[in-house]
Amino acid sequence: KIEKRGRRAGLTNLRGIRLEISYLTEYLLPRDSVSAFHIYFPDPWPKMRHRQNRLINERFAEVLRGASQPRGVIHLRTDDFDYFAQMQSVFDANVHFAPIETPEELARVTTDFERDFNAKGVPTNRASYEKID
């Protein structure tokens with residue numbers, strides 16, 4: 001679906017891959033190669049006993065740092081307030097990232113998932129961070 005939309009929009013630098021993101025980021029992407037990561041609505045694993053399965057954690061933040069270019073950015077979105085607090089805690093505690101404002105033009109772009117939940121009154125939580133060294 002993403003690739004079809006990208007082709008219709010004339011995007012030539014868009015590729016889709018179905019792979020565990022932590023594996024892709026750590027082992028397949030060259031170091032310092034990504035200018036922006038957009039991580040929208042990862043599975044919140046809301047049950048307490050499953051929270052160790054959440055994507056955004058201290059280790060994954062370091063993996064993102066390794067793949068990010070200098071001044072690369074991480075854009076995060078979720079509708080789960082508890083997970084959002086964890087995301088912010090992880091990146092705020094990492095001295096290699098600084099919080100930045102999500103660009104307004106990016107905030108205006110919404111996913112299908114996001115539009116459905118917003119229509120039901122569920123707000124979107126957003127945060128962006130820049131890699132600093």
Side-chain angles (χ1 to χ4, degrees):
K1 184 176 181 180
I2 292 170
E3 287 182 354
K4 283 182 184 178
R5 285 185 177 184
R7 282 193 299 274
R8 277 184 285 185
L11 299 176
T12 59
N13 64 343
L14 177 67
R15 299 292 180 268
I17 185 168
R18 186 177 176 132
L19 189 64
E20 181 68 38
I21 187 66
S22 55
Y23 181 87
L24 168 80
T25 307
E26 186 168 6
Y27 298 110
L28 300 180
L29 293 177
R31 287 192 61 77
D32 303 324
S33 65
V34 178
S35 61
F37 282 98
H38 296 257
I39 304 172
Y40 298 164
F41 304 95
D43 190 335
W45 294 93
K47 292 181 181 176
M48 189 63 77
R49 68 179 183 265
H50 294 150
R51 290 190 178 177
Q52 75 274 4
N53 297 324
R54 287 179 169 175
L55 175 65
I56 305 298
N57 57 42
E58 291 80 4
R59 184 175 187 294
F60 189 61
E62 282 300 306
V63 169
L64 290 173
R65 181 173 76 92
S68 296
Q69 295 175 346
R71 301 190 57 126
V73 294
I74 314 296
H75 299 291
L76 305 168
R77 290 187 194 184
T78 183
D79 60 315
D80 187 282
F81 185 76
D82 178 67
Y83 195 10
F84 184 63
Q86 177 184 329
M87 291 173 166
Q88 288 181 300
S89 176
V90 164
F91 281 96
D92 288 344
N94 189 312
V95 298
H96 301 287
F97 289 99
I100 59 171
E101 288 291 320
T102 300
E104 184 60 37
E105 65 275 8
L106 180 59
R108 284 193 304 264
V109 176
T110 56
T111 68
D112 294 344
F113 179 85
E114 188 172 9
R115 281 189 293 278
D116 290 346
F117 273 84
N118 291 167
K120 295 174 185 173
V122 179
T124 300
N125 302 289
R126 294 181 183 88
S128 295
Y129 292 86
E130 182 177 62
K131 177 182 171 181
I132 55 174
D133 283 323

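Side chains are part of it too, since the values below use all heavy atoms of this structure and drop only hydrogens, waters and symmetry mates.
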If you round to the nearest 0.5 Å, how far is [atom2] of [Y] from [atom1] of [X]?
X: Tyr23; Y: Leu28; atom1: OH; atom2: CG; answer: 5.5 Å
X: Glu3; Y: Leu11; atom1: CD; atom2: CG; answer: 11.5 Å
X: Thr78; Y: Gln88; atom1: OG1; atom2: CD; answer: 11.0 Å
X: Gln69; Y: Arg31; atom1: CD; atom2: CZ; answer: 12.5 Å
X: Thr124; Y: Phe41; atom1: OG1; atom2: CZ; answer: 4.0 Å
X: Arg65; Y: Ile132; atom1: CZ; atom2: CD1; answer: 10.5 Å

Legend entry - Short side-chain donor-acceptor distance under 3.5 Å, Asn94 and Glu62: yes

Legend entry - Asp43 side chain to Tyr83 side chain, donor-acceptor N/O pair below 3.5 angstrom: no

Inset, instruction - Go through the steps for Val90 and Phe60 under the test side chain to side chain contact (heavy atoms under 4.5 Å, CB included), then give the verdict. - result: CA-CA 9 Å; Val90 164; Phe60 189 61; over 6 Å; no

[X], [atom1]: over 12 other non-hydrogen atoms inside 6.0 angstrom:
X: Arg59; atom1: CZ; value: no
X: Arg51; atom1: CZ; value: yes
X: Glu101; atom1: CD; value: no

With clusters defined by side-chain heavy atoms of hydrophobic residues (ILVMFWY) lying less than 4.5 Å apart, directly or transitively, does [Y] cluster with [X]?
X: Val63; Y: Leu19; value: yes
X: Leu14; Y: Ile17; value: no
X: Met48; Y: Phe84; value: no
X: Ile56; Y: Val34; value: yes
X: Phe117; Y: Trp45; value: no

Inset, instruction - Check whether any side-chain heavy atom of Phe81 lies under 4.5 Å from a side-chain heavy atom of Asn125, and answer yes or no. - result: yes

Inset, instruction - Please tell me if the side chains of Tyr129 and Asp92 come closer than 4.5 Å, counting only heavy atoms from C-beta onward. - result: yes

Which heavy atom of [X] sits nearest to which heavy atom of [Y], and what is that distance?
X: Leu76; Y: Tyr40; value: C-CD2, 4.4 Å
X: Asp32; Y: Pro70; value: CB-CD, 4.4 Å
X: Thr102; Y: Ala127; value: OG1-C, 3.8 Å
X: Lys131; Y: Asp133; value: CE-OD2, 3.2 Å

Inset, instruction - Test Ser128 against every option in His38, Arg77, His75 by the side chain to side chain donor-acceptor pair (under 3.5 Å) rule and name the one that passes. - result: His75

Inset, instruction - Go through the structure and list residues passing side-chain hydrogen bond (donor to acceptor under 3.5 Å, both in side chains) with Arg5, not counting sequence neighbours. - result: Asp112

Inset, instruction - Please answer whether the main-chain N or O of Ala107 pairs with a side-chain N or O of Arg126 as donor and acceptor at a distance below 3.5 Å. - result: yes

Inset, instruction - Look at the side chain of Asn57 and the backbone N and O of Ala61, then say whether any donor-acceptor pair between them is shorter than 3.5 Å. - result: no

Inset, instruction - Evaluate the side chain to side chain contact (heavy atoms under 4.5 Å, CB included) criterion for residues Leu64 and Ile39: first the C-alpha distance (whole Å), next the side-chain angles of each, then the deciding distance (0.1 Å), finally the verdict. - result: CA-CA 11 Å; Leu64 290 173; Ile39 304 172; 4.0 Å; yes

